[in-house]
Each structure stands twice: as C-alpha cells, then as structure tokens.
Amino acid sequence: MTYIAGMKSFHGADGSTTTHGFDRHFGARLDALRAHGNYREFVQLSRIRGAWPRAHWHGAHGVREVTVWCSNDYLGMGQHPDVVGAMANETTRQSAGSGGTRNISGTNYLHADLEAELARLHRKPAALLFTSGYVANLGALTTLATALPNTVVLSDERNHASMIAGLQAARVEKQIFRHNDPNHLEALLRRLPADRPKIIAFESVYSMDGTIGAVADIAALARSYGALTYLDEVHAVGLYGRQGAGIADAEGCGDTIDIVQGTLAKAFGVIGGYVAASAATVDYIRSFSREFIFTSSLPPPVVAAALAAIRAVKATDDRRAQLRERVARVKAGLDRVGIKYVNSDSHIIPVLVPGASRVKAVARTLLEDHCIYVQPINAPTVPVGAERLRLTPCPLHDDAMIECLLAALTDALGRLGA
Ligand SMILES: *Cc1c(COP(=O)(O)O)cnc(C)c1O
C-alpha cells in the first residue's frame, strides 16, 4: 500500500486504487458484517408466469424451482390477469415512462383516477401518490411535522424505518412510546401543553411481529388530546376491512384517522405509495413535499396495473378469506409438528431463530435441500437476538406446499439442535 502525496489516493498491493481510502473502510466494515453473520445475500429469483408462489431460483447450482414463503405480494396480485393485462395494455397504448415530475409534464389522467380510487377505498376526500410507500412516509411526515412551529411527534418504538427517516429529516421533537402501548402514549400526552401541535405516528400491522396495532384506542386518545393521527397501513391495505380498506376500517374507527398511508407494492402487487386524508391535507403535502415535487411520477402502465389490482381486491372478499384460511392451516401445522411461532391476529407468522448465523443456516438448508425460499431476517431490521424467519402464506399456497414447508422446517431446525 503506497500513498501518493498530493493525489489523495491509495494503491493496494493488487494495483487497485481506492480514493481517500473509502474502499478500505468499506471492506473492513463489510468483513465485520460477515463475521457477525449479518452480511446480506440476495436470492435471485424469476417468477414463473401463472404459477405463483412457485419461482425459479438462479443460484450457483443453476436454475431450480422453489416455493416462495416470504413474499409481501400477499394475494398474488402481481400475476393477476387484470393487473398484468392493464400494464401490458397501457404500455402499448401510452408509454413505458411518465416523462417527468407531476408538475412538469408527468401528470397522467390515470394518476388522478388512481388517487380518486384510493380516496374512495379509505373513505377520505382525497389521496396523493408517491413513487413508493417509503417515499410517502418520508415526504408526508416531513411535511406535516414541519407545517406548524413547535410540533411534537409521538412515535411508536417499532415504527418502520421510513417513518423514522421522515421524522429525522423534519428535525422536530420526537417522543417514543412503548410498542403498541396506549397507556404509555397517554402518559406522554398528558405531560404536553394542550396548545402544542401534536402528531401521533403508528402502524396498523407491524410487519416483523405481525402485531395488530391498538388503532381504535390510540385514535381515541388522539381525539381527547387534540393530536393528528398518522397511520401506516402498508401491511393491512387489501387484506383487512371492508373491500380491503385496512385495520382502521375493520375496527370502525376510520373517521378518527387523519392521514392513512399505504403501499401499492404489497397486497396490491405492483409498486408505489400514497397517503389519503382531507382535501386540505393532501393539497398541502402536494404543494410542499420535496419527495412529491422533485421526482418523476409513476409510469402510466404501473398506475393502470395498480388501479386494476385495487378494483380486483375491492370486488371480492374471497381472497381475503382464503388468506385467513391458509394462515390458520399453517399455524395448525406448526402446532402439530411442535414448531413455536409468534402468534398474532394478522397474516404474518414469525418463527424466531435467534442468532444471525443460525437463522442464516436454517434458511440455507430450506433453500438448498428443500427448495423453499424464506429470507432470514436479521439486524438492523429486527434487534440482535430477535432474528427470525418471517412466513407469509398467500391464498395460492396449496396443502402440499404447506406439508413440504412443515417437513423442511422440522429438518432444518432439527439440524440446528434448536
Ligand atoms: C414496506 C414498508 C413500507 C414501505 O413501502 P414500500 O412501498 O415498499 O416502499 C412502509 N411502511 C412499512 C411498515 C413497511 O413495511
């Protein structure tokens, strides 16, 4: 390693150049991740047309057919004929891309149609699209938290990284309440001056534990303390409530939620994010959020596909009922073979396998020996020591797939001595 004075670059023994030594630092940090078992490896898949949740795994051994058990395409809408058809049709009819930001040439009439559909779904006066659920949380929360001076945001301790990013970007005071604990939230609210602007930010289904939030209780507290409610329904839209409107709707407290945030990429199977709220709230975010203004809009084929997905998901409760039935069957199977899981009322089934290297070993056995794909979940997505497999059944997992999963888990966990 030689340092060339004045050039501020390092030459490694292999002749590679690492400007300012950044690459050396990156290498050391990545080695540390590997040593702790936290280095992330992606499994390369191709989805098989019409055969979801079957997919091809493109790995070191060539291409193998696997069953996916960890997807957030909860209803398989990514392959629904209406959705695929709408995307293909709109690509042919219009264009692959939107051509710009919403402000400059990138607003399509389909954006307006989709926003109207989302507003109707959540029974709100208006809705606003973002390019993803992450961007929606970042943009909307930053904008709302900085709207009035001296705003304080009360945030559930397990809130998603995108909400945390929004609050950090807003640089406002944040008070964290214990996960899904209305009593702790009330203790914090009681100490705040009545005239201070307050926002409560929380989720309806927490994706790593599958907990369903105490939405009605938290919303009632918000009412009595004059706080704005901001609810992330990303893991609930399409799956719960009337026509898939979410948990707040299912609990009959949709009116007490001021801002609903959701994604088009999970149960709706496409891509994109949104908020639904009062006309003034939506217009304010539209007018002031950098994350809305300064980025190109969703392509028309994507918007058409999302519209088709929402309409199909609204039209029938069958898929939601099938999902519940499949989830119950997987849980009953796990009970039968004696595998512990985190029980909740949601569709998410976490199986805890503490230790980053251990959960990784279990996932590798499942994939390589049983052709079952479940991504191991480790830090920072979950705390160190709370590593897990996160099983997400969908209506299209059949009985044979479930039996395969149970046998594979029994084998893989058994080999651990777990
Ligand atoms: C996935 C997720 C998001 C982000 O949604 P995307 O559309 O994937 O960007 C936001 N909130 C929660 C709770 C999530 O799990």
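Just so it is clear, the values below take in all heavy atoms, side chains as well, and ignore hydrogens, waters and symmetry mates. When a ligand or atom number is given, it counts from 1 through the structure's own listing order.
Taking the six-membered ring for Trp, His235 and Tyr206 have ring centres at least 6.0 Å apart.
Shortest non-hydrogen contact noted between Leu121 and Ala245 is O-CB, 3.2 Å.
Of the N or O atoms in Gly133, one or more lie within a sub-3.5 Å distance of an N or O in ligand 1. Between Gln261 and ligand 1, no pair of N/O atoms sits closer than 3.5 Å. Polar contact with ligand 1: present for His235 (N/O pair, distance under 3.5 Å).
Salt bridge status for Glu157 with Arg178: absent, with no side-chain N to carboxylate O gap under 4.0 Å. Using a 4.0 Å cut-off between charged nitrogen and carboxylate oxygen, Arg415 and Asp369 count as a salt-bridge pair. Contact check on Asp73 versus Lys266 returns no salt bridge, with no Lys/Arg side-chain nitrogen under 4.0 Å from an Asp/Glu carboxylate oxygen.
Within the structure, salt bridge (Lys or Arg N to Asp or Glu O under 4.0 Å) contacts touching residues 123-137 (residues at least two apart or in different chains) are Arg123-Asp249.
Not a single heavy atom of Gly273 sits less than 4.0 Å from an atom of ligand 1. The shortest separation from a heavy atom of Met163 to ligand 1 is not under 4.0 Å, leaving the residue out of contact.
Taking every heavy atom of Glu203 and a limit of under 4.0 angstrom, the matching atoms of ligand 1 come to 13 (C). Interface atoms of ligand 1 facing Asn137, defined by a heavy-atom separation under 4.0 Å, are 10 (C), 11 (N). Listed by atom number, the atoms of ligand 1 under 4.0 Å from Val234 heavy atoms are 2 (C), 10 (C), 11 (N), 12 (C), 14 (C).
For atom 2 (C) of ligand 1, the nearest protein heavy atom (residue, atom name, distance) is Lys266 NZ, 2.5 Å. Residue, atom and distance of the protein heavy atom nearest to atom 11 (N) of ligand 1 are Asp232 OD2, 2.7 Å. When hydrogens are left out, the protein atom nearest atom 7 (O) of ligand 1 is Thr263 OG1, 2.6 Å; that is the closest non-hydrogen contact. Looking only at protein heavy atoms, the nearest one to atom 4 (C) of ligand 1 is Tyr134 N, 3.3 Å.
Residue contacts with ligand 1, taken as heavy atom pairs separated by less than 4.0 Å, do not involve Val135 at all.
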Step by step, would you call Lys360 with Glu387 a salt bridge (charged side-chain N to carboxylate O under 4.0 Å, His left out)? CA-CA 9 Å; Lys360 210 168 176 177; Glu387 292 81 7; over 6 Å; no
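Residue Ile257 holds its CD1 atom at 4.0 Å from OG1 of Thr229, rounded to the nearest 0.5 Å.
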